[in-house]
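Notes follow once the structure below has been shown.
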Amino acid sequence: MSENRITIFVDGKALKAREGEPLLKACLAGGIFIPNLCYMEGIDPLPVSCRLCFVAVEGRAQPVPSCSIPVREGLVVHTDTPEVRRLQRQGLRLLLSTHHVECARCPANRHCALQDMTRFLKVGLKPKTVYLKAPPVRSEHPFLDYHVNRCVLCGRCVEICKARQDRPELTFIKRGFDTTLGFFPGGASNPQDLKTYRACVEACPVGALVLKDSNKNP
Amino acid sequence: MDLELSPEERQKLQELKSELQSFKRERGQLIPILQWIQERLSFLPSQALESVAEYLQIAYAEVFGVATFYNQFRFHPPGRNPIRVCLGTACHVKGADIILENFERKLGIREGETTPDREFSIERVACVGCCALAPVTLMGETVHGYMAPSKVEGLITRVAIEKEVRERERKKGAHV
């Protein structure tokens, strides 16, 4: 990535950005909000899994996920076209169709990425039909409780473990609708691990990962 | 949740561990190795997955993530009486999901699992080719057509009775 400062045009506004950085990052830095769940700086390759950060880029026939587009000089971007919003709303509705809405009892209440996005995209928080998985809470992890039906499967915690542990202990298991987070102790327990899992809990955009009570205070 | 391994299986597992050497130590060998183990053991016990992770120097989480992704891998040994509930189109229309649920409830295990005594395991299959008898269930190699919830208990009881009869005859033989 070079240090060249370039100019891009987002919704008619000229933004300064560093050449090659993700479009999503440049927009967020420039004060233009694009819904996103899975983007975190420093992940390579990016998961591009939440399918919420769509934008329309001039010269491309279809909307593209902005986290996977490196910026270049003179890029012209629209974040608020009907097509973009339709894709984002549909994506968000699908996420909510497996989400157990119990905000009053959820630790992420009021700083929850899903709440923010439903407000931003004007999507109802409670869809008509919700498909839930069982059991709703898994607590086999020594430090964490995992609320299956809150999880949006963004993969942030998995990426954090990958970056910090020699043998990552979190992963996705199964596939399709049955996909959940799985935990597997990888050898000797490392005193660093609690720190890593704290970072996972902080990175969780919803309240799916919660520290067990005994680990709340260092 | 894992079932206890039989002494035979434990021995086989030991042999497999030493034979792992015949595979290259590459991540790309993960699926071939898992397939090879399943061929020998007919399922993947967690101990086997651990040895594979150890051998390939990758995280156990990664091995498990891959293994659960593919439907071909199973984590429970087949029972002595494997029950296969057909969920093909015709059987589905005739309420095969109810039959499956009946077996699950009766045996106290979920689809894909095995009872602790290893007597029964439940699987779902797609079309066994006799749709005229829908809904169909296979127990071992025997086809049971026109399944109904009331037949589920009968099938399981029959296996229990047959087992008891065999045992009695064996005892009788021993006395004579």
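Residue numbers start from 1 in every chain, and the chains themselves are labelled A, B, ... in the order their sequence lines are given, proteins ahead of strands.
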> What pair of heavy atoms forms the shortest contact from Gly65(B) to Ile173(A), and how long is it?
Replying inline: CA-CG2, 4.2 Å
>> Just checking Glu141(B): does its CD atom have more than 12 heavy atoms from other residues, nucleotides or ligands closer to it than 6.0 angstrom?
In response: no
>> For the CZ atom on Arg10(B), are there more than 12 heavy atoms of other groups (residues, nucleotides or ligands in this structure) within a distance under 6.0 Å?
In response: yes
>> Ring-plane angle category for Tyr60(B) and Phe184(A), please: parallel below 30°, perpendicular beyond 60°, tilted otherwise.
In response: perpendicular
>> Give me the atom names and distance for the closest heavy-atom approach of Ala59(B) to Pro168(A).
In response: CB-O, 3.4 Å
>> Just checking Glu15(B): does its CD atom have more than 12 heavy atoms from other residues, nucleotides or ligands closer to it than 6.0 angstrom?
In response: yes
> Minimum heavy-atom separation for Lys174(A) to Phe69(B), with atom names?
Replying inline: O-CD1, 4.1 Å
> At a heavy-atom separation under 4.5 Å, does Glu50(B) approach chain A through its side chain, its backbone, both, or neither?
Replying inline: neither
> Has Arg25(B) got more than 12 heavy atoms of other residues, nucleotides or ligands less than 6.0 Å from its CZ?
Replying inline: yes
> Quick check: are there more than 12 heavy atoms from other residues, nucleotides or ligands sitting under 6.0 Å from NZ of Lys133(A)?
Replying inline: yes
